[in-house]
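Computed from a prediction, not measured in an experiment: that's the story for all the values here. Letters A, B, ... mirror the listed sequences (proteins, then strands); counts begin at 1. Any value given below was found using the heavy atoms of this structure, including those in side chains, with hydrogens, waters and symmetry copies removed.
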2 protein chains.
Amino acid sequence: MNTVTAPVPKTSFKAQMLLAREEAIVQTVNRLLAEKGFESMTVDEVAASVGIAKASLYKHFPSKEDLAAAAMVRIMKRTQDFLDSLPAADPPMTKLRAVVRWTMEVQLAGEMPSLPHQNSTLRAALMNNRAYLDRLMEVSNTLGGWIQVAQADGAMSSKLPAIVVLYTLFARACDPVLEFLKVGGLYSDAQIVELVLSTCFDGLAAR
Amino acid sequence: MNTVTAPVPKTSFKAQMLLAREEAIVQTVNRLLAEKGFESMTVDEVAASVGIAKASLYKHFPSKEDLAAAAMVRIMKRTQDFLDSLPAADPPMTKLRAVVRWTMEVQLAGEMPSLPHQNSTLRAALMNNRAYLDRLMEVSNTLGGWIQVAQADGAMSSKLPAIVVLYTLFARACDPVLEFLKVGGLYSDAQIVELVLSTCFDGLAAR
DNA sequence: CCTACCGATCGGTAGG
DNA sequence: CCTACCGATCGGTAGG
């Protein structure tokens, strides 16, 4: 029994330490991407913030792009976890509002990595990253299903193609209006979320 | 007469050459800012694209930030010119839709410099740039007036503070949804503009 | 011997 | 206006 079970916690402990360190790294990268974006974030900064040597960082991730991609995979996982946590019985429109509200709260908390710019090296790296694409597809499929049902039951506008609605929901996760309003200081975070949520779902025109 | 008029075209010619060069520089910077953003745009790239030496660039603009600020001032001027060109008799809501449509067309044409990120050196430079702040204020005041009238006459939702509406309109100028839909290739530029315009003014919820 | 990690420095390139 | 070049800092990796 000892000869069988003894090595297990040994390797498990090592692997656990490794994973804990990687989680700390990715969490730091996530925060820095939210604060300053991919181009302005430096690898030295990441290492210093985690409290390890830069060379140690490269033992875990082979490049700066891979570092950022891991953070993008993490936020996609968190998003999917949130989607899975929503009551299945809720109307699709309620769930869609809930996820947009959640992404805005994440952004206001400084935990939403900003999308890479069009001609970024990160963009190209993400488009070749299977783990990221799989997660993105998973979230898109879940949201896409809800959008179609919401349009079918009349809660959501049927004038708009589902893909346009999907992109619009994604874009709200990095809407600069949230930051502008926060800097303005006139409204609380909760008020900002509800205001932008209203512009998104109800529109600017009077109803 | 000659002694009076002769020197005028001489200095005017020199100044005209200077201004023409500066306009060429700023136009190039504007395009590059739209393509890749401030952090990824290099000064060497601007010089090469304009067709002058990098050192010559610094004869006109003292820093990379000033180069970018000149492009931001230029787009603000273009925006104000467009606002002034709108028929004064048009309802405010019509004019607000027109300006959002115009900014989207500019973005799709690759001529809308993307907003600097939160913790960018450019952001700080712009906040200390009188010319930029004056232009921004001018555009904001014009739009702000129209928003108030549109809310008073019932065309625009009165639930939303005017400042939220103003920021939302500004944010549409750099909405990533346009680029995503363009990359998707399913819709023409004109269709993309009308679709996103609908999400902005009518919202995602059915009416 | 291995792993994990460090101080120091690599080749290139940024803004100026 | 250009060629040449700087202090610094970038992403990434050497040896120990």
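- Taking atom C1' on both nucleotides, D/dG12 is separated from C/dA8 by 13 Å, rounded to a whole Å.
- Here the C1' atom of nucleotide C/dA4 and the CD1 atom of A/I25 are 12 Å apart, to the nearest Å.
- Residue whose closest nucleotide on DNA chain C sits further toward the 5' end, between B/D44 and A/K59: A/K59.
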What pairs of donor and acceptor atoms, side-chain ones from residues 124-133 of chain B against any protein atom, are under 3.5 angstrom apart with sequence neighbours left out?
from	atom 1	to	atom 2	distance (Å)
B/N128	ND2	B/A124	O	3.4
B/N129	OD1	B/A131	N	3.1
B/N129	OD1	B/Y132	N	3.0

Does the side chain to side chain contact (heavy atoms under 4.5 Å, CB included) test come out yes or no for B/V29 and B/R74, once each step is laid out?
CA-CA 10 Å; B/V29 170; B/R74 181 174 178 270; over 6 Å; no

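- Minimum heavy-atom separation, A/T103 to A/M112: O-CE, 3.7 Å.
- Side chain of A/S63, nearest nucleotide from D/dG12, C/dC6, D/dG11: D/dG12.
- Rounding to whole angstrom units, CZ of residue B/F38 and P of C/dG15 are separated by 8 Å.
- Considering only side-chain N and O atoms, A/K64 lies under 4.0 angstrom from the phosphate OP1 or OP2 of D/dG11.
- The interatomic distance linking A/L67 (CG) with D/dG11 (C1') rounds to 11 Å, in whole Å.
- One interatomic measurement links the two molecules: CG of B/L122 to P of C/dG15, which rounds to 13 Å at whole-angstrom precision.
- Note on A/S56: every side-chain N or O is 4.0 Å or more away from OP1 and OP2 of C/dA4.
- Atom C1' of nucleotide C/dG15 and atom CD of B/E65 are separated by 9 Å, given to the nearest angstrom.
- Atom P of nucleotide D/dG11 and atom CD of A/E45 are separated by 9 Å, given to the nearest angstrom.
- Among D/dG11, C/dG16, D/dC2, the nucleotide with an atom closest to any side-chain atom of A/K54 is D/dG11.
- Between A/G144 and A/L166, the closest heavy-atom pair is N-CD1, 4.5 Å.
- If you take CZ of A/F61 and C1' of C/dA4, they are 16 Å apart, rounded to a whole angstrom.
- Comparing B/I52 and A/Y58, the nucleotide of DNA chain D nearest to each residue sits closer to the 5' end for B/I52.
- Interatomic distance, A/F201 CZ to A/S157 OG, rounded to the nearest 0.5 Å: 12.0 Å.
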